[in-house]
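Everything below concerns the one structure shown next.
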Protein chains: 2
Amino acid sequence: MRYSRQREAILAAVRNTTSHPTADSVYAHVRNSIPGISLGTVYRNLRLLVEAGELRALEGPGGVNRYDGCTNGHYHFRCDVCGRVLDIDEPFDVDLDGEVAARTGLEIRCHSLEFRGVCTECQAQSGARICGVPHEA
Amino acid sequence: MRYSRQREAILAAVRNTTSHPTADSVYAHVRNSIPGISLGTVYRNLRLLVEAGELRALEGPGGVNRYDGCTNGHYHFRCDVCGRVLDIDEPFDVDLDGEVAARTGLEIRCHSLEFRGVCTECQAQSGARICGVPHEA
DNA sequence: TTAGGTGCAAAACCTTTGCCATCCC
DNA sequence: GGGATGGCAAAGGTTTTGCACCTAA
């Protein structure tokens with residue numbers, strides 16, 4: 001894969017935050033350094049970077065995907081109020097894939113565990129307001 | 001929630017299969033018994049049924065969601081070749097939500113565990129062809 | 001030089017929504 | 001009758017794609 005500063009900026013934008021940004025959020029962030037970048041380029045490179053194993057994609061509802069700069073095994077929590085995705089410190093089970101594969105005959109490459117509920121901030125706001133998802137959160 | 005035969009047929013279509021169908025697949029199936037039903041109605045009722053706890057929604061990539069007629073706790077496997085979703089017999093951990101909630105302060109309502117890889121059928125086809133996802137599979 | 005990357009805009013895709021007719025209770 | 005529901009079609013949002021131009025190697 002050939003170098004491009006667009007792709008480097010996109011990778012950095014996802015890696016330099018813990019907010020698991022959406023494609024649109026990455027686009028907004030990268031435009032600070034490369035004002036002329038296009039949204040299509042962001043999508044194209046996010047996809048390439050996921051395929052190359054540099055990023056992880058987190059599937060979301062309604063076609064909104066989020067991206068995770070950390071490819072190490074870890075689990076997520078998704079807030080049903082604000083949509084934010086947080087990392088969970090639950091220990092990652094490295095043996096699980098192999099155990100299930102042996103029992104089922106499926107070829108298993110990875111697994112993902114996601115919790116859902118209400119984050120502490122949205123609990124404090126008693127669910128009345130929808131809180132934002134700042135890129136730097 | 002008031003009765004309608006459209007909603008009943010939609011619920012039955014998801015419940016009477018193990019294929020975790022998409023909205024479009026449900027639409028195709030329900031049209032056999034109610035030819036005049038509209039896709040909007042299918043989406044509207046799938047959403048209502050999920051909110052009512054009658055069905056589970058499985059988030060997917062690229063905006064395609066799937067639905068699960070079984071609301072008991074169980075885990076899934078998604079084939080990266082054909083997109084099919086299968087149930088996994090891994091024992092469901094009912095205490096996990098409470099444990100993580102106690103440790104993190106998050107309000108946790110549920111969790112989902114999904115494995116990814118290649119299903120036995122796609123392994124047999126050596127990944128060359130994309131296999132279909134029949135509603136009755 | 002040239003294969004790969006970008007920007008732009010249109011298209012594709014899935015899902016939601018508004019409106020009026022219809023149906024359950 | 002009255003409010004919930006359906007059918008239809010248009011709108012909405014996200015992602016992909018075609019094409020001409022540009023750029024890293």
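All chains are named by letter (A, B, ...) in the order of the sequence lines, taking the proteins before the strands, and each is independently numbered beginning at 1.
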### Query
Can you hop from A:Leu48 to A:Val30 via hydrophobic side chains spaced under 4.5 Å?
no

### Task
Please list residues of residues 40-56 of chain B whose heavy atoms come under 4.0 Å from any atom in DNA chain D, ordered by number; otherwise none.
B:Thr41, B:Arg44, B:Asn45

### Distance, rounded to the nearest Å, where A:Tyr27 contributes OH and D:dT15 contributes C1'
14 Å

### Task
In whole angstrom, give the distance that lies between atom CD of A:Glu8 and atom C1' of C:dT6.
16 Å

Tabulated below should be each protein N or O lying under 3.5 Å from an N or O of nucleotides 22-25 of chain C; please produce it.
residue	atom	partner	partner atom	Å
C:dC23	O2	B:Arg2	NH2	3.3
C:dC24	O2	B:Arg2	NH1	3.0
C:dC25	OP1	B:Tyr3	N	3.4

### Message
For B:Glu51, is there an ion pair with B:Arg47 - N to carboxylate O distance below 4.0 angstrom?
### Response
yes

### Message
List the residues meeting ring pair (Phe, Tyr, Trp, His ring centres under 6.0 Å) with A:Tyr43, not counting sequence neighbours, and say none if there are none.
### Response
none

### Message
Measuring to OP1 and OP2 of D:dT23, would you say a side-chain N or O of A:Gln6 lies under 4.0 angstrom away?
### Response
no

### Query
How long is the line joining CD1 of A:Ile34 and P of C:dT6, in whole Å?
9 Å

### B:Leu58/B:Asn65 under side chain to side chain contact (heavy atoms under 4.5 Å, CB included): CA gap, chis, key distance, verdict
CA-CA 6 Å; B:Leu58 311 179; B:Asn65 285 9; over 6 Å; no

### Task
Following the transitive rule for hydrophobic clusters with a side-chain heavy-atom cut-off under 4.5 Å over Ile, Leu, Val, Met, Phe, Trp and Tyr, establish whether B:Phe77 and B:Phe92 coincide in one cluster.
yes

### Query
For A:Arg109, which residues count as a side-chain contact (heavy atoms from CB on, under 4.5 Å) partner, sequence neighbours excluded?
B:Asp80

#### Entry: Euclidean distance, atom CD1 of residue A:Ile37 to atom C1' of C:dC8 [Å, nearest integer]
13 Å

### Task
Check the distance between C:dC14's P and B:Tyr67's OH and give it to me in whole angstrom.
13 Å

### Query
Would B:Phe115 and A:His111 satisfy ring-ring contact (aromatic ring centres under 6.0 Å, His included), going step by step from the backbone distance to the final call?
CA-CA 4 Å; B:Phe115 297 87; A:His111 70 269; 5.6 Å; yes

### Query
When you look at A:Arg66 and A:Arg56, which way does the side chain to side chain contact (heavy atoms under 4.5 Å, CB included) test go after all the steps?
CA-CA 9 Å; A:Arg66 288 173 171 274; A:Arg56 274 211 292 169; over 6 Å; no

#### Entry: Same apolar cluster (I L V M F W Y, side chains within < 4.5 Å links), B:Tyr27/B:Leu49
yes

### Atom-pair distance (CZ on A:Arg7; P on C:dG4), nearest Å
12 Å

### Query
Taking atom C1' of C:dA11 as reference, at what distance in whole Å does atom CG of A:Leu39 sit?
14 Å

#### Entry: Inter-end axis angle, the helix from C:dT1-D:dA25 to C:dC25-D:dG1, with every axis fitted to five base pairs (rounded, 10 degrees)
40°

### Task
Assess whether side chain to side chain contact (heavy atoms under 4.5 Å, CB included) is satisfied between A:Val50 and A:Leu46, documenting all intermediate values.
CA-CA 6 Å; A:Val50 168; A:Leu46 285 171; 5.5 Å; no

### Message
Please list all pairs meeting salt bridge (Lys or Arg N to Asp or Glu O under 4.0 Å) that have one or both residues in residues 1-17 of chain A, counting only residues at least two apart or in different chains.
### Response
A:Arg15-A:Glu54

